[in-house]
Amino acid sequence: MKITLPYKVEQIIRTIQGAGFDAYAVGGCIRDSILGRTPSDWDITTSARPEEVKKLFPRTVDTGIRHGTVTVMIQKEGFEVTTYRIDGEYEDSRHPKEVTFTANLTEDLKRRDFTVNAMAYNDKEGLIDVFGGMKDIEEKIIRCVGEAAERFSEDALRVMRAVRFSAQLGYTIDEKTKDAIKELAPTLKNISAERIQTELIKIAVSPNPDYLRIAYETGVTKAIFPEFDRMMETEQNNPHHCYCVGEHTLTAMKRIKADKVLRLAMLFHDIGKPDTLTEDEEGIFHFYGHPEAGAVMTKDILKRLKFDNDTTDQVSRLVKFHDYPIPLTPKGMRRAVFKIGEDLMPCLFLVKQADMLAQSGYMREEKQEELEKLQSIYRQVLEEKPCVSLKMLAVTGNDLIALGMEPGKEIGEILNRLLQIVIDEPAYNEKEYLLKQAEEMRSLN
Ligand code: ATP
Ligand code: MG
């Protein structure tokens, strides 16, 4: 097996070897190279101690020196070079509380999570594959190195990493490994929200976001995202649907492009359904108010998982408006754009499309036709560059102050009323006219 190492990686390995130590590229980069994927980073493992590595390169950074990691800088690029080690108990996903250095590559490979992640390579010795990583790549299997339950008890994040790699690579999880996930998924409660978030995003934007089903079946979502389990357990009994809420959600995720906000919007769009379910006399289920209820839940859950404010705001707005009835008129569209936010309109149409494609075939053509009409009205409205926010209004707060109005709440109210006039009739976005309106409003107040 020949792997083409980047020139800088080769240089680092040769320099370390020149000083009498061993060095290999290791882990994810070897897995990705074998798969013909572009590695996101190249990690190097070596028998040299950190102090020795530092002596060999003019520029290094002590990124994780306690754990044996030195970053070697080649021009402006950094490469993590880590001394072979045996890990103690982990305090987070990357950093065990204590490590012991070793002179043995196999010991280092043994501490790694999955067989496909536990291979090393250099040009001198070729592929080092002690745990059958190559065979598992051929058979498309995620399997723990060593005793699965033991490996998951050392570090619970590995439970989520197993599901994540299976989703990214389209692999099945080996039965024993899967049993151990079921046993140890509850211990994910001890893992920080930030690390869980990272893995959840990677699953969501992977080629197989529906592998979240595996997370459900193994009790992973029960530990970190129980609201998802409720969706998996809520039937829809409605002609528009052929799946339960959860399966509809997974299908909708597959039907939208691999973008973080879009995939999360699909994941959460019906999160409000279990709580809003009602049944009519004919036994048909309805979920009145689920988008609004879902938007509130989305905010809470994303906050709990420590998502940033921008992502939380965008995803919850898409959830809130995914079913919002936009009238098929330019005026109705302008009002909707004002409510929803111009920034999210293109995303909203993608969300609506994916949602529809995950429903039953009932009235599919009519729904598709209406969505296309909506988009065509949206394009038409956009061309007119309408004013749908205060910053595009022909008058500003300062204009009103110049008229002698007191800065404060009143001005805000008047500006918003002027904006409503202009949204309904764009031709009125004209300074003189709006100032006159403002004076009238003020005298009526
Ligand atoms: P990617 O970078 O694409 O997310 P990766 O496999 O490179 O995937 P990293 O988190 O960058 O994953 O870690 C690099 C390597 O370190 C892994 O391939 C694996 O060998 C090892 N590793 C990382 N995290 C763990 C962990 N929690 N337990 C055991 N080994 C781990
Ligand atoms: Mg990596």
Side-chain angles (χ1 to χ4, degrees), residues 3 5-6 9 24-46 63-64 67-69 71 77-99 105-121 127-134 136-137 142-171 177 180-181 184 187-188 190-192 194-208 220 258 260:
I3 289 172
L5 302 175
V9 173
Y24 301 83
V26 69
C29 60
I30 299 305
R31 175 200 67 221
D32 288 342
S33 299
I34 293 170
L35 290 170
R37 297 153 57 104
T38 310
S40 54
D41 42 31
W42 291 82
D43 295 324
I44 292 158
T45 187
T46 179
T63 30
H67 307 101
T69 303
T71 297
E77 209 176 340
F79 296 87
E80 289 196 354
V81 177
T82 305
T83 305
Y84 297 163
R85 62 178 209 221
I86 300 167
D87 291 346
E89 199 186 319
Y90 272 70
E91 59 192 348
D92 59 42
S93 76
R94 312 191 108 233
H95 301 135
K97 273 190 200 127
E98 44 175 45
V99 307
L105 172 64
T106 302
E107 287 298 324
D108 182 81
L109 296 177
K110 212 189 256 178
R111 73 173 169 90
R112 296 173 184 273
D113 46 8
F114 307 110
T115 58
V116 297
N117 287 346
M119 291 180 282
Y121 176 92
L127 187 71
I128 310 290
D129 175 16
V130 187
F131 301 103
M134 197 64 202
D136 284 341
I137 284 184
I142 298 298
R143 184 198 313 273
C144 282
V145 172
E147 195 58 50
E150 208 175 289
R151 304 316 308 284
F152 291 138
S153 344
E154 288 163 3
D155 174 13
L157 189 76
R158 290 175 187 155
V159 162
M160 271 202 92
R161 282 172 61 92
V163 178
R164 185 257 281 196
F165 285 117
S166 100
Q168 283 180 326
L169 303 171
Y171 286 14
T177 299
I181 295 179
L184 287 148
T187 61
L188 274 172
N190 307 323
I191 299 292
S192 78
E194 288 84 353
R195 295 204 154 75
I196 290 186
Q197 183 209 114
T198 306
E199 298 300 323
L200 186 64
I201 293 172
K202 286 184 177 178
I203 297 170
V205 302
S206 78
N208 304 289
V220 169
K260 179 174 82 172

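We use all heavy atoms of the structure for the numbers below, so side chains are in, but hydrogens, waters and symmetry mates are not. Each ligand, and each atom within it, is numbered from 1 in the order the structure gives. Here, residue 1 is the first one in the sequence, and each next residue gets the next number.
- For Asp113, heavy-atom contacts with ligand 1 shorter than 4.0 Å involve the backbone as well as the side chain.
- Heavy-atom proximity to Asn117, at under 4.0 Å, picks out these atoms of ligand 1: 6 (O), 18 (O), 19 (C), 20 (O).
- Contact atoms of ligand 1 toward Arg164: 1 (P), 4 (O), 8 (O) (distance under 4.0 Å to a heavy atom of the residue).
- The two atoms that bring Phe114 and Arg158 nearest to each other are CZ-O, 3.4 Å, heavy atoms only.
- Residues Thr82 and Thr69 have side chains that bring a donor and an acceptor to within less than 3.5 angstrom of each other.
- Backbone or side-chain N, O or S atoms of Asp43 do not reach the Mg ion (ligand 2) at under 2.8 Å.
- Applying the 4.0 Å criterion to heavy atoms of Arg111 picks out, from ligand 1, the atoms 29 (C), 30 (N).
- If you number the atoms of ligand 1 from 1 as listed, the ones under 4.0 Å from a heavy atom of Lys202 come out as 4 (O).
- Under a 4.0 Å heavy-atom criterion, Arg151 is not in contact with ligand 1.
- Remark: ligand 1 atoms within the under-4.0 Å shell around heavy atoms of Gly27 are 18 (O).
- For Gln168, the heavy-atom gap to ligand 1 stays at 4.0 angstrom or more.
- Ligand 1 is approached by Ser40 to a heavy-atom distance shorter than 4.0 Å.
- Asp32 contributes atom CG, which lies 8.5 Å from atom CH2 of Trp42 (distance to the nearest 0.5 angstrom).
- Note: an N/O pair closer than 3.5 Å links Gly28 and ligand 1 by distance alone.
- A distance of 5.5 Å separates OG1 in Thr45 from CZ in Arg112, rounded to the nearest 0.5 Å.
- By the 3.5 Å distance cut-off applied to N or O atoms, Arg112 is counted among the residues near ligand 1.
- With distances taken over non-hydrogen atoms, the option nearest atom 17 (C) of ligand 1 out of Arg37, Arg31, Arg161 is Arg161.
- By the 4.0 Å heavy-atom criterion, Glu154 is excluded from the residues contacting ligand 1.
- Within the 4.0 Å heavy-atom shell around ligand 1 one finds Phe165.
- Applying the salt bridge (Lys or Arg N to Asp or Glu O under 4.0 Å) definition to pairs two or more places apart or across chains, those involving residues 144-153 are Arg151-Glu154.
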Q. Do Ile34 and Leu127 pass the side chain to side chain contact (heavy atoms under 4.5 Å, CB included) test, and can you show the C-alpha distance, the side-chain angles, and the key distance before you say yes or no?
A. CA-CA 10 Å; Ile34 293 170; Leu127 187 71; 4.2 Å; yes
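- Taking Thr83 as the reference, nothing meets the side-chain hydrogen bond (donor to acceptor under 3.5 Å, both in side chains) condition, with sequence neighbours excluded.
- By the 4.0 Å heavy-atom criterion, Asp43 is counted among the residues contacting ligand 1.
- Distance check: Asp129 CG to Ile137 CD1 gives 8.0 Å after rounding to the nearest 0.5 Å.
- Of all N/O/S atoms in Asp41, OD1 sits nearest the Mg ion (ligand 2).
- In this structure, Phe131 CZ and Arg143 CZ are separated by 12.5 Å, a value rounded to the nearest 0.5 Å.
- What you find for Phe152 and Thr177 is that their closest heavy atoms are CE1-O, 3.5 Å.
- Nearest heavy-atom pair across Thr115 and Cys144 is CG2-O, 4.0 Å.
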